[in-house]
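The sequence lines fix the lettering, A, B, ..., with proteins before strands; numbering per chain opens at 1.
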2 protein chains.
Amino acid sequence: MPATRTPSDVDTRTRIVTAAAGLMQRGGYQTMSLKQIGAEASVSGGSIYHFFPGGKEDIAVAAVIHADEEFADFLRSSLATREDPADAVEACAEHLARRLEESDWVDGCPLTATGLESVGRSDAIRSAVAAAFEHWSTVVADRLVEGGLDRSRAATLGTTVVNSLEGAEVAAQMTCDAGPLLTSGRHLAELVRAVS
Amino acid sequence: MPATRTPSDVDTRTRIVTAAAGLMQRGGYQTMSLKQIGAEASVSGGSIYHFFPGGKEDIAVAAVIHADEEFADFLRSSLATREDPADAVEACAEHLARRLEESDWVDGCPLTATGLESVGRSDAIRSAVAAAFEHWSTVVADRLVEGGLDRSRAATLGTTVVNSLEGAEVAAQMTCDAGPLLTSGRHLAELVRAVS
DNA sequence: GTCTATAATCTGATAGAC
DNA sequence: GTCTATCAGATTATAGAC
């Protein structure tokens, strides 16, 4: 996703949400300012409050929901590139690594920083992030069941796959190196292949 | 680690650093203000700049280095509670889960949020966080070698263990549930037990 | 719906007395 | 070394014209 502004032919509310999601991806909630959102969405300051009377927190919740659905789509399509479920998980890690490197290591998970910043400050944001993580876990779990795995094994593996890729992506961003993600992908594939 | 202020019988610089590390743990870099640091460390505003002429960024780098060493100690002692390397990794996840729950899900990794916020903004902070992650990975890898694993296998497993626990801890904080950490611990133990 | 103007507050940082 | 006082700028949010 290049750093272009949101096109102006989509409705104002959507432009605000996508701009906020992008800014949260590059630095989290506190780093993002309403001024920046207005600039990237081509919406002047006060207008933002017409769509989001709850202010910045409201925008963040909407942006989290937006990012949730967007990444779920990415997950589904990425997991569909290979037939074998273990290969699919490994391919997913590779796609994540490629996407991250192409953005110069800045476009990681749009939710991690925001979620951590919201702990003890905004239950609305925190629980929206929690819902997204759980959603992604079920997307992976469903794909594993489809690939022949036992449902309960698939459920726990789903959360581990999502959380491990999450952590590995952070490490990749810190070191500007795809290594952690690729290594994680291989290890997760190992786990999916294991019988128990 | 309870939310008490730093005792005043340690030197001023150390009080500033530990206060900053604690604040970064609960909300990251941008959420932390110099005013808060001064209050928690019982140091009035201007004095902070006597020890950290580089300002907030300088303090953050020192706090990252402090948290690096502190968590490395935790890792070493936690990994020493079991003889079998796989059991040691699983115990480590359990200790992490207990510590997190005891803090009401707020005292997670002191570096994740700060690291993500620093991407594209402060190379000094970002590379300090990267060094900490790599340090922790070698601590785990050394313990795995000590437990009989092949050195190259131990090296890659070390990064996966650290990054997976990292991601699982974030998920645990979001859901206020130890589940993700415990599940991750079991899966990582499985990986350590696997031959290849 | 969208805009400009502005209020009220907080921010990081500096200067200078002691 | 530590303090108080203060600067200049940014922040979220609101009011009201169009």
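Between the side chain of B/Asn163 and the main chain of B/Thr159, a donor-acceptor pair closer than 3.5 Å is present.
Between B/Arg153 and A/Glu190 there is a salt bridge, with a side-chain nitrogen of the basic residue lying less than 4.0 Å from a carboxylate oxygen of the acidic one. With salt bridges taken as basic N to acidic carboxylate O contacts below 4.0 Å, one links B/Arg193 and B/Asp87.
Contact annotation: the side chain of B/Thr112 never approaches that of B/Glu169 to less than 4.5 Å [non-hydrogen atoms, C-beta and beyond].
C/dA17 atom P lies 17 Å from atom NE2 of B/His50, rounded to whole Å. One atom, CG of B/Leu34, and another, P of C/dT11, lie 9 Å apart when rounded to the nearest Å. A straight line from CD of A/Gln36 to C1' of D/dA10 spans 11 Å, rounded to a whole angstrom. Here C/dA5 presents its C1' atom at 15 Å from OH of A/Tyr49, a figure rounded to the nearest Å. One interatomic measurement links the two molecules: NZ of B/Lys35 to P of D/dT4, which rounds to 13 Å at whole-angstrom precision. In this structure, CD1 of A/Ile48 is placed 11 Å from P of C/dT2, rounded to the nearest angstrom. As a whole-Å value, the separation of A/Gln30 CD from C/dC10 P is 14 Å. For the pair A/Ile16 CD1 and D/dA13 P, the interatomic distance rounds to 14 Å; values are reported in whole Å.
Heavy atoms of A/Gly55 sit under 4.0 angstrom from primed sugar atoms or phosphate atoms, though from no base atom.
Contact between the side-chain N/O atoms of A/Ser33 and the OP1/OP2 oxygens of D/dT11 is found at a separation under 4.0 Å. Between A/Thr12 and C/dT2 there is a side-chain N or O to OP1 or OP2 distance below 4.0 Å. Between B/Ser44 and D/dT2 there is no side-chain polar atom (N or O) within less than 4.0 angstrom of OP1 or OP2.
Judged by closest nucleotide on DNA chain D, B/Phe51 is the one of B/Phe51 and A/Met32 placed further toward the 5' end. Mapping B/Lys56 and B/Ser47 onto DNA chain C by nearest heavy atom places B/Lys56 at the nucleotide closer to the 5' end.
For CZ of A/Arg121, the number of neighbouring non-hydrogen atoms (other residues, nucleotides, ligands) closer than 6.0 Å is greater than 12.
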